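Below: one structure, written as structure tokens.
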Amino acid sequence: EHLGRVGMHLVTFSRYRISSATRWQLPLLKESKIRQLFNLRRCALDTVLEDSDDFALINTHLSAFSRGDGTLEKQVDTLLTKVLIGKKILASSW
């Protein structure tokens, strides 16, 4: 394994009760296995509010410095696939 924690700790705060939350692993940067052990694990957090199965919050932290290796595009494609399969509406500030 690796030394220390490198996972993304995303959180959703809500005044409404949360019924479930799912962490989606996003593609990693194209790096050596050694660097991947110590680099952050990018992800998305899908949070569903109680009594609202048709509304979900998706919190993401994508790779900003993918150096043109296609990682960012793969992460967005993965996110869009999850959203479209779950029939969720994607709203963002990016």
Side-chain angles (χ1 to χ4, degrees):
E1 262 313 284
H2 57 81
L3 302 173
R5 300 179 81 152
V6 293
M8 298 300 305
H9 299 284
L10 298 177
V11 63
T12 302
F13 293 102
S14 174
R15 70 175 65 175
Y16 305 102
R17 186 175 291 261
I18 296 173
S19 65
S20 68
T22 305
R23 182 186 186 278
W24 300 333
Q25 177 67 44
L26 297 176
L28 301 174
L29 290 170
K30 288 185 181 178
E31 298 180 308
S32 69
K33 295 296 180 190
I34 299 296
R35 287 188 59 104
Q36 282 185 355
L37 288 175
F38 296 99
N39 210 340
L40 296 171
R41 307 286 192 271
R42 302 299 178 174
C43 64
L45 180 64
D46 178 11
T47 307
V48 179
L49 301 179
E50 195 171 86
D51 298 328
S52 62
D53 291 334
D54 54 345
F55 180 78
L57 305 167
I58 301 174
N59 185 358
T60 65
H61 191 156
L62 305 177
S63 296
F65 304 104
S66 61
R67 296 180 229 99
D69 68 359
T71 302
L72 183 59
E73 291 81 7
K74 289 179 190 173
Q75 290 175 348
V76 171
D77 287 344
T78 300
L79 181 61
L80 290 175
T81 300
K82 295 279 190 182
V83 168
L84 293 175
I85 288 173
K87 298 179 183 170
K88 295 178 170 70
I89 299 171
L90 181 63
S92 72
S93 59
W94 35 280

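All residue numbers refer to positions in the sequence shown, counting from 1. The model shown is predicted, which means the values in this text are computed figures rather than measured ones.
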Quiz item: Taking the side chain as C-beta and beyond, is there a heavy-atom pair between Leu57 and Asn59 under 4.5 Å?
Solution: no

Exercise. Indicate if Leu26 and Leu28 have the same hydrophobic cluster label, given that clusters are the connected sets of ILVMFWY residues with side-chain heavy-atom separations under 4.5 angstrom.
Key: no

Quiz item: Which pair of non-hydrogen atoms, one from Leu45 and one from Thr12, has the smallest distance, and what is that distance?
Solution: CD2-OG1, 3.8 Å

Quiz item: Can you name the closest pair of heavy atoms from Leu10 and Cys43 and give their distance?
Solution: CD1-SG, 3.6 Å

Quiz item: Going from OG on Ser19 to CG on Asp51, what distance comes out if it is rounded to the nearest 0.5 angstrom?
Solution: 8.0 Å

Quiz item: Say you draw a straight line from CD1 of Ile18 to CG of Leu49; how long is it, rounded to the nearest 0.5 Å?
Solution: 6.5 Å

Quiz item: Out of curiosity, Thr60 OG1 to Trp24 CH2, how far, rounded to the nearest 0.5 Å?
Solution: 10.0 Å

Quiz item: What is the distance from atom CG of Leu79 to atom CG of Asp46, rounded to the nearest 0.5 Å?
Solution: 9.5 Å

Quiz prompt | Gln75 side chain vs Pro27 backbone, donor-acceptor pair below 3.5 Å | solution = yes

Self-check item: Inter-residue atom distance Arg42.CZ - Leu72.CG, 0.5 Å rounding
Solution: 10.0 Å

